[in-house]
Undergrad: 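Dumping the structure here so I can ask a few things about it.
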Amino acid sequence: MQKTAHIIGAGISGLSAAVRLANANYRVSVHEATQTTGGRCRSYFDAATNLMIDNGNHLLLSGNSHALAYARSIGTEAGLVGPKRAQFPFVDVSTGQRWQLDLGDGRLPLWVFDEVRRVPDTGLRDYLALMPLIWAGTDKLVGKAIPCEGTLYQRLVQPLLLAALNVDPPEGSAGLAGAIVRETLAKGGRYIEPLVASPSLAAAFVDPAIARLRSDGADIRLGRSLRAVKFADGRAVGLAFDEEDETVGAEDCVILAVPPWTAQKLLPGTDAPDTFRAILNAHFRIVPPSHAKPMVGVIGGTVEWIFAFHDRLSVTVSAADHLMDTDIDDLTLLLWRDVSAVHDLTGPVPPCRIVKEKRATFAATPAQDARRPAARTRWTNLFLAGDWTNTGLPATIEGALRSGNTAASLVRGGA
Ligand SMILES: Cc1cc2nc3c(=O)[nH]c(=O)nc-3n(C[C@H](O)[C@H](O)[C@H](O)COP(=O)(O)OP(=O)(O)OC[C@H]3O[C@@H](n4cnc5c(N)ncnc54)[C@H](O)[C@@H]3O)c2cc1C
């Protein structure tokens with residue numbers, strides 16, 4: 001008889017588990033509390049700008065092997081686009097200085113030996129001082145592992161680690177930062193080419209997965225919030241939703257791919273991160289000038305990254321808790337000031353949508369990292385997934401997909 005996998009939560013961790021298990025001939029039921037799929041990685045039509053927007057700009061890197069494998073498995077690899085070479089243009093809006101970091105397309109980080117390709121006003125010794133990150137332990141702070149001051153820090157290390165960890169880098173986990181560096185930066189330009197979902201997050205990560213699951217006979221149920229799990233004899237035996245209960249059969253399994261606070265309510269006694277950081281995005285409806293690069297790093301302003309899409313310029317500010325209560329009109333002007341400086345724009349402020357995600361990710365500090373649980377639980381047929389579980393990575397798409405794959409492997413009896 002076909003076994004059923006109940007996946008709770010249709011974020012990308014849940015979807016990656018669902019796709020793997022559907023491929024392994026499980027009968028898959030996805031239960032999602034809201035009316036939309038994708039969780040924190042979603043797209044929607046916004047009436048204020050008359051645009052389809054993503055809740056946030058999501059940057060991937062070519063070294064994100066699970067993200068690329070997932071995209072291949074749902075046929076969307078072509079929807080992850082970026083320059084063929086790992087080049088990162090930067091603008092310091094406080095001085096007007098512009099430069100481009102060129103990491104090349106090789107398999108070794110040889111660019112650090114080439115003065116022209118390095119960050120201006122930095123030397124080889126600055127880069128060698130970053131090496132302790134590569135082998136830093138999980139209990140170590142970034143601020144204790146590497147120098148968090150100076151030109152290289154301000155122009156490269158701070159923006160990259162802030163984006164990766166979503167905390168002020170000195171308080172971040174050196175172990176998590178090191179994992180990112182090992183899988184991308186340290187392997188050379190080939191592994192750090194920037195990739196952005198095009199035309200949308202939903203098109204690259206969500207809708208084709210849902211379509212594939214449905215065509216494989218999966219049941220995708222929206223507006224179905226799990227309220228409680230019933231246990232007996234060391235296993236999950238029932239799921240209590242708002243409207244009805246469902247039995248979990250003797251051969252069936254459950255993957256909880258919900259946020260940490262929900263998992264803790266459903267499974268009291270579960271350790272989980274409990275401190276979060278915000279991310280702020282703003283989407284300006286404007287056709288970018290022809291010279292606009294797809295992605296620009298911004299130093300010395302409020303904005304950190306500007307992404308150019310065919311119909312909008314979108315900006316990201318990480319660890320943005322300090323901006324959550326700022327008046328929207330003030331915020332719009334503040335952000336537009338940086339965008340117009342970077343792209344030499346002089347017209348009025350275009351229509352804008354600001355998206356504040358208050359609990360965008362858990363704070364990637366050593367203390368929070370230590371609270372992340374494994375995918376396996378004390379119940380034999382119940383597993384955890386989500387970017388907040390112990391993936392060894394910060395809260396990223398790569399980590400979320402990895403967690404879903406791990407949970408799916410455990411369901412199938414693997415490691
Ligand atoms: C603004 C923003 C920008 C980001 N930028 C990047 C980036 O540049 N690069 C990157 O790699 N990552 C980025 N991330 C992180 C990335 O989005 C997340 O790591 C990923 O989406 C997490 O997926 P998940 O499945 O683990 O969790 P979630 O997306 O949170 O999914 C959990 C799902 O469970 C559902 N749920 C909750 N409770 C219940 C219940 N009781 N019953 C049923 N369903 C329930 C929720 O509605 C949700 O759909 C960003 C995140 C945000 C918010």
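One-based numbering, in listed order, for ligands and for the atoms of each.
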Undergrad: Please determine whether the number of non-hydrogen atoms from other residues, nucleotides or ligands lying under 6.0 Å from atom NE2 of H310 exceeds 12.
TA: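 Check fails, neighbour count at 12 or below.
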Undergrad: Does the pair E243/R227 count as a salt bridge with the N-to-O cut at 4.0 Å?
TA: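 No.
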Undergrad: Counting heavy atoms only, which of K265, E357, H58, Q35 comes nearest to atom 51 (C) of ligand 1?
TA: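 Nearest heavy atom to atom 51 (C) of ligand 1 lies in H58.
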Undergrad: Quick one: look up the protein heavy atom nearest atom 12 (N) of ligand 1 and list residue, atom name and how far away it is.
TA: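 Its nearest protein heavy-atom neighbour is I397 N, 3.4 Å.
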Undergrad: To which protein heavy atom is atom 31 (O) of ligand 1 closest, and what is the distance rounded to 0.1 Å?
TA: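 Looking only at protein heavy atoms, the one closest to atom 31 (O) of ligand 1 is G11 CA, 3.5 Å.
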Undergrad: Can you tell me which residue and heavy atom of the protein come closest to atom 19 (O) of ligand 1, and the distance to 0.1 Å?
TA: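 Protein heavy atom with the smallest distance to atom 19 (O) of ligand 1: D387 OD2, 2.7 Å.
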Undergrad: Is it true that D274 and R371 have a side-chain N and a carboxylate O under 4.0 angstrom from each other?
TA: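 Counted as a salt bridge, because a side-chain N and a carboxylate O are separated by less than 4.0 Å.
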Undergrad: Quick one: does L80's side chain get under 4.5 Å of V196's, heavy atoms only?
TA: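 The answer is no, as the side chains (C-beta and beyond) never meet within the 4.5 Å cut-off.
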Undergrad: From the options S318, A257, A197, C41, select the one whose nearest heavy atom is closest to atom 33 (C) of ligand 1.
TA: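 Among S318, A257, A197, C41, the closest heavy atom to atom 33 (C) of ligand 1 comes from A257.
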Undergrad: Under 4.0 Å between a Lys/Arg side-chain N and an Asp/Glu carboxylate O for E171 and K144?
TA: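 The answer is no: the pair does not qualify as a salt bridge.
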Undergrad: Between R353 and D46, does at least one N-O distance fall below 4.0 Å, as a salt bridge requires?
TA: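 A salt bridge links R353 with D46.
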Undergrad: Identify the protein heavy atom lying closest to atom 2 (C) of ligand 1, giving its residue, its atom name and the separation to 0.1 Å.
TA: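 Scanning the protein heavy atoms, the shortest distance from atom 2 (C) of ligand 1 goes to I279 CD1, 3.7 Å.
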Undergrad: Classify the contact between R227 and ligand 1 as side chain, backbone, both or neither, using a heavy-atom distance cut-off of under 4.0 Å.
TA: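 Near ligand 1, R227 shows nothing, with every heavy atom at 4.0 Å or more.
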Undergrad: Could you establish whether L60 and ligand 1 come within less than 4.0 Å of each other, counting only heavy atoms on the residue side?
TA: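 It does not; every heavy atom stays at 4.0 Å or beyond.
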Undergrad: With no hydrogens and no angle check, do the side chains of T391 and R372 hold a donor and an acceptor under 3.5 Å apart?
TA: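 Distance-only check passes for T391 and R372.
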Undergrad: Looking only at heavy atoms of N57, does any of them come nearer than 4.0 Å to an atom of ligand 1?
TA: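 Yes; N57 lies near enough to ligand 1 that a heavy-atom distance drops under 4.0 Å.
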Undergrad: Only heavy atoms count here, so choose which of L195, I8, L266, L59 is nearest to atom 8 (O) of ligand 1.
TA: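 Shortest heavy-atom distance from atom 8 (O) of ligand 1: L59.
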